[in-house]
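Reading through the structure tokens given below for one structure.
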Amino acid sequence: MSVIRVRFAPSPTGYLHIGGLRTALYCYLFARSQGGKLVLRIEDTDRTRFVEDAEDDIVQNLARCGLDVDESPMLGGPYAPYRQSERQNLYRKYAESLVDSGHAYYAFDSSDSIAELRKRNKAYDASTRLQMDNSLTHPKEVVSMRLESGEEYVVRLCVPEDVTIQFDDLIKGAVKVDSANIDDQVLIKSDGMPTYHLANVVDDHHMAITHVIRGDEWIPSTPKHILLYQAFGWQLPAMAHLPLILSPTGGKLSKRSAQRQGIPINVSDYLSKGYEPQAVMNFLALLGWNPGTEDEVFTLEELVSTFSLERVGSAPAKFDLDKLNWFNAQHLRRLDIEVLLERVRPFLEEHGIAVQDAYIQKVCLLVHDRLQHAKDLATNFSYCFVDPVTFDPKGVKKRWKSDAASLVNDYSTRLDALTSFNEDALEFELRDLAASRKVGAGRIIHPVRLAVSGTTAGPGLFALLRVLGQHTCVRRLRNAVTKLG
RNA sequence: GCCGCGUUCGUCUAGGGGUUAGGACGCCGGCCUUUCACGCCGGUAACACGGGUUCAAAUCCCGUACGCGGUACCA
């Protein structure tokens with residue numbers, strides 16, 4: 001059996017978005033799980049919507065997510081080039097062969113006459129093509145003359161009148177469409193570029209693609225592609241159409257709707273917000289696929305080994321940010337401390353926090369399990385790096401009683417005198433102080449936490465004090481005593 | 001409008017003729033912790049509707065509704 005080849009074929013009309021990433025992920029998982037190859041093909045045939053740096057963005061973010069490809073425009077490969085704009089001659093050749101074999105024709109209609117046709121609620125198909133201005137309605141000599149004179153034209157597929165086109169989708173099952181519902185598709189545009197339909201079929205065949213994995217929105221176009229495969233006498237690759245991702249309210253997950261709901265849309269946004277690539281992959285994988293077990297947290301590698309197309313569902317799925325956040329916390333927690341350090345550092349820098357790696361590591365160890373996002377260290381736990389400037393008013397009201405100042409002050413004196421700043425000593429001093437002042441330990445613990453962090457929540461107090469260090473603790477305690485009185 | 005695809009807790013989903021309809025996120029409670037989080041335990045909540053088929057239907061069939069997609073010289 002021949003090697004499995006899958007392609008991810010984005011068009012560079014925008015940056016890589018979360019939906020595109022999911023398609024890429026499924027392509028990747030399938031290819032890798034089958035020991036096959038993954039091809040990145042850039043479908044840049046729409047010159048009007050072309051975005052200069054989109055291809056770069058797509059390539060980079062795919063890589064950042066760990067989705068490495070085997071063949072691509074920059075990597076090259078046995079079927080290069082991998083940019084459709086660089087393969088124009090191929091499409092033209094095949095379009096002409098289709099005209100020769102009677103499966104396509106040249107059309108010269110003006111956009112006005114086509115608009116007119118549609119206004120009459122007519123399709124450009126078997127029912128109307130003979131009324132139009134094309135190579136079916138003019139003598140051969142006239143057509144070649146017009147062609148040679150440089151007149152603008154398109155090549156259209158001659159869709160057969162009344163056939164049922166059927167295919168078996170690996171995900172959706174049997175899909176049937178009547179050719180009467182299909183227009184004579186434009187294959188070559190008047191600017192000489194192929195349309196998606198032609199380029200896609202020609203390239204998939206020439207690049208020996210065995211499995212077409214793409215979004216749901218292509219199902220209605222698949223019969224057109226099948227017609228092309230048949231006209232060329234080529235074997236149809238296996239088809240797998242993935243259900244779409246919907247916005248949380250059910251609509252299309254567009255840039256607009258996503259933004260309105262606080263959902264990042266571009267992959268680079270997720271990454272720059274500090275989402276773990278693995279968490280995003282994990283979340284996306286389970287949006288439409290399930291392993292058939294009750295396991296939920298997977299690395300990319302584990303996904304590869306359990307993935308199968310058969311377990312992809314056919315219903316669209318709504319995007320759920322809460323779940324993504326949960327996955328993020330799960331993956332963050334599984335990170336080695338060295339890796340976590342790398343994740344967290346950019347956010348510390350962003351917040352103007354410049355400290356030694358060794359110290360950041362200590363803090364990471366301390367709060368590892370309390371992090372949902374890499375940025376949390378710089379925000380929720382900023383007190384690990386800078387003295388608190390404010391004290392949570394509710395906390396003060398609840399914990400800073402009349403004796404707090406004197407207790408905290410006494411504790412600071414004891415800490416100052418400590419020769420070994422370890423947790424046991426810290427705890428002993430506190431409890432000993434509590435006993436001598438005849439108060440419960442909590443009477444000191446809470447004000448101390450407040451004094452040192454500005455909040456009432458956080459890691460175990462003695463571990464926190466240890467990490468902060470002697471000088472910082474004493475300074476903060478005394479500072480709080482003056483400020484809170 | 002026409003064509004296509006879909007519909008199990010709020011969300012992601014398992015299951016697929018006879019189940020107490022399972023798990024996860026979220027939410028709520030409890031335990032742990034003199035804090036908070038993690039963790040653990042428990043709770044909440046679903047087969048869109050109507051007809052068939054069948055001894056039996058959430059599961060099969062047909063309709064309806066709703067959602068999404070397509071209907072471009074966009075992909």
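Reminder, nothing fancy here: chain letters follow the sequence lines and each chain counts from 1.
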Is any side-chain nitrogen or oxygen of A:Thr45 closer than 4.0 Å to OP1 or OP2 of B:A75? yes
d(CG, A:Leu365; C1', B:C38) in whole Å: 15 Å
So A:Thr456, base contact, sugar-phosphate only, or nothing? Heavy-atom distance under 4.0 Å. base
Select from A:Ala457 and A:Arg311 the residue whose nearest nucleotide in RNA chain B is closer to the 5' end of that strand. A:Arg311
According to the Watson-Crick and G-U wobble definitions, with both distances under 3.5 Å, which nucleotide is paired to B:C40? B:G30
Using atom C1' in both nucleotides, what's the gap between B:G17 and B:U53 to the nearest angstrom? 11 Å
Regarding A:Arg146 and the six-membered ring of A:Tyr153, is the cationic atom NZ or CZ under 6.0 Å from the ring centre and inside 45° of its axis? no
If we take the C1' atom in both B:C32 and B:G39, what is their distance in whole Å? 8 Å
Rounding to a whole Å, what distance do you find between A:Trp289:CH2 and B:A14:P? 11 Å
For nucleotides 64-72 of chain B, tabulate all protein N/O to nucleotide N/O atom pairs closer than 3.5 Å, reporting atom names and distance.
residue : atom : partner  : partner atom : Å
B:A72   : OP2  : A:Arg118 : NH1          : 3.4

What is the distance, rounded to the nearest whole Å, between atom CD1 of A:Ile182 and atom P of B:G4? 11 Å
Whole-Å C1' distance, B:A46 and B:G10: 10 Å
For B:C9 and B:A21, measure between their C1' atoms and round to the nearest Å. 11 Å
Under 4.0 Å protein heavy-atom contacts per nucleotide of nucleotides 20-34 of chain B, with B for base, S for backbone only and - for none: --SSBSS-------B
Validation: residues 11-18 of chain A side-chain donor-acceptor distances under 3.5 Å, sequence neighbours left out:
residue : atom : partner : partner atom : Å
A:Ser11 : OG   : A:Thr13 : OG1          : 3.3
A:Tyr15 : OH   : A:Asp53 : OD1          : 3.1
A:Tyr15 : OH   : A:Asp53 : OD2          : 3.0
A:His17 : ND1  : A:Gly19 : N            : 3.2
A:His17 : ND1  : A:Gly20 : N            : 3.3

Closest to the A:Ala315 side chain: B:A14, B:G6, B:C74? B:G6
Is it true that A:Asp432 and A:Arg414 make a salt bridge, defined as a side-chain N closer than 4.0 Å to a carboxylate O? yes
Counting side-chain heavy atoms from CB outward, which of B:G4, B:C74, B:U11 is closest to A:Lys318? B:U11
Those residues at least two apart in sequence (or on a different chain) that pass side-chain contact (heavy atoms from CB on, under 4.5 Å) with A:Thr128 are A:Leu117, A:Lys122, A:Asp125, A:Gln131
Could you give the NZ-to-C1' distance, from A:Lys119 to B:G1, as a whole number of Å? 18 Å
B:G63 - base-pair partner by Watson-Crick or wobble geometry, distances under 3.5 Å: B:C49
For A:Asp109, which contact category applies under a 4.0 Å heavy-atom criterion: base, sugar-phosphate, or nothing? base
Answer with base, sugar-phosphate or nothing: what part of the nucleic acid does A:Pro10 contact at a heavy-atom distance below 4.0 Å? nothing
Give the rounded distance in Å between these two atoms: CZ of A:Arg334 and C1' of B:G39. 13 Å
Nucleotide opposite B:C9 in a Watson-Crick or G-U pair, distances under 3.5 Å: none
Students often get this wrong, so: under 4.0 angstrom with heavy atoms, is A:Arg47 touching a base, only sugar-phosphate, or nothing? nothing
Side-chain donor/acceptor of A:Arg49 to base of B:C74, under 3.5 Å: yes
Using a 4.0 Å heavy-atom cut-off across all strands, classify A:Gly460 as base, sugar-phosphate, or nothing. base
Between CG of A:Asn121 and C1' of B:C2 the distance, given in whole Å, is 9 Å
B:U7 and B:C61, which share atom name P, separated by this distance in whole Å: 12 Å
Using the ring pair (Phe, Tyr, Trp, His ring centres under 6.0 Å) criterion, which residues pair with A:His206? Sequence neighbours excluded. A:Tyr94, A:Trp234
Please tell me whether A:Phe319 and A:Phe283 form a close aromatic pair, meaning their ring centres lie under 6.0 Å apart. yes
A:Asn134 (side chain) donor-acceptor with A:Arg129 (main chain) under 3.5 angstrom: yes
Separation of B:C36 C1' from A:Leu371 CG (nearest whole Å): 14 Å
Hey, what's the ring geometry for A:Phe381 with A:Tyr383, parallel, tilted or perpendicular (30° and 60° as the breaks)? perpendicular
When rounded to the nearest Å, what value does the distance between C1' atoms of B:A56 and B:G18 take? 6 Å
Between A:Tyr196 and A:Asp46: side-chain donor-acceptor atoms closer than 3.5 Å: no
Table please: side-chain donor-acceptor pairs of residues 154-166 of chain A below 3.5 Å, with sequence neighbours left out.
residue  : atom : partner  : partner atom : Å
A:Arg156 : NH1  : A:Asp184 : O            : 2.6

Is A:Arg214 paired with A:Asp204 through a side-chain N to carboxylate O contact shorter than 4.0 Å? no
If we take the C1' atom in both B:A48 and B:C66, what is their distance in whole Å? 8 Å
Which is true for A:Ser190 with a 4.0 Å heavy-atom rule: it touches a base, it touches only sugar-phosphate, or it touches nothing? base
Now, which nucleotide makes the Watson-Crick or G-U wobble pair with B:C2, with each of the two distances under 3.5 Å? B:G70
Distance between the C1' atoms of B:G51 and B:U11, in whole angstroms? 31 Å
Separation of B:U13 P from A:Phe319 CZ (nearest whole Å): 13 Å
Check: A:Thr299 main-chain N/O paired with A:Glu302 side-chain donor or acceptor under 3.5 Å: yes
